[in-house]
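For reference, the structure is listed below as structure tokens.
None of the values given here were measured: they were computed from a predicted structure.
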Amino acid sequence: FYDRLTAILYSHDPVGLASMGAPEDEYDIEVDKILPQLRNVQQETLATWVYEMFVRMFGEYTVGTRAKFDAIAFDIWNAYQQWLEKPASF
């Protein structure tokens, strides 16, 4: 599941690290922060939570608008739900 979340962040590349040629594990620190929160956050608030975490880590100028985090949160939430249903498949 950890690798799946890393791949989601890398594919969305919210702060442009992948586009600068960063290694695929570049978003591992953010995954480390997201994972423990998934039990505590609701689907409706996940995008805002992830956006605010990125702003704290990279600054609002680097992160940009919150809108792009809807798609990121959607993919994270779906992966989380799939993992809850079949943890052995991840």
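- Two residues are said to be in side-chain contact when any heavy atoms from C-beta on lie closer than 4.5 Å; Val63 and Pro14 fail this criterion.
- Of the inter-residue distances, the one linking Ile76 atom CD1 with Gln81 atom CD reads 12.5 Å to the nearest 0.5 angstrom.
- Under the 4.5 Å side-chain criterion, counting only non-hydrogen atoms from C-beta, Leu17 is not in contact with Tyr10.
- Contact of the Glu30 side chain with the Phe58 side chain is registered, since non-hydrogen atoms from C-beta on lie closer than 4.5 Å.
- Hydrophobic clustering (side-chain heavy atoms under 4.5 Å, transitive across Ile, Leu, Val, Met, Phe, Trp, Tyr) groups Leu84 together with Trp77.
- The shortest side-chain heavy-atom distance between Leu5 and Leu38 falls under the 4.5 Å cut-off.
- Met57 has its side chain out of reach of Thr62: every pair of non-hydrogen atoms, C-beta onward, lies at least 4.5 Å apart.
- Around OH of Tyr2, the count of heavy atoms belonging to other residues, nucleotides or ligands within 6.0 Å exceeds 12.
- Contact of the Phe69 side chain with the Trp49 side chain is not registered, since no non-hydrogen atoms from C-beta on lie closer than 4.5 Å.
- The side-chain heavy atoms of Gln43 and Leu46, taken from C-beta on, include no pair separated by under 4.5 Å.
- Heavy atoms from other residues, nucleotides or ligands lying under 6.0 Å from NZ of Lys68 number more than 12.
- Arg39 is listed as a side-chain neighbour of Tyr80, based on a closest heavy-atom distance under 4.5 Å.
- Here the options are Thr48, Val50, Val55, the test is side chain to side chain contact (heavy atoms under 4.5 Å, CB included), and the partner is Glu52; only Thr48 passes.
- Residue Tyr27 forms a side-chain hydrogen bond (donor to acceptor under 3.5 Å, both in side chains) with just one option from Asp13, Asp32, Thr6, and that option is Asp13.
- With rounding to the nearest 0.5 Å, the separation of CD in Glu24 from CG in Leu9 is 12.5 Å.
- Taking CD of Glu60 as the reference point, atom CZ of Phe54 lies at 14.5 Å (rounded to 0.5 Å).
- The line from CD1 of Ile34 to CG of Asp28 is 11.0 Å long, rounded to the nearest 0.5 Å.
- Linking Ile, Leu, Val, Met, Phe, Trp and Tyr whenever their side-chain heavy atoms come within less than 4.5 Å leaves Tyr61 and Met53 in two separate clusters.
- When every heavy atom of Arg4 is checked against every heavy atom of Ala79, the shortest pair comes out as CG-CB, 3.9 Å.
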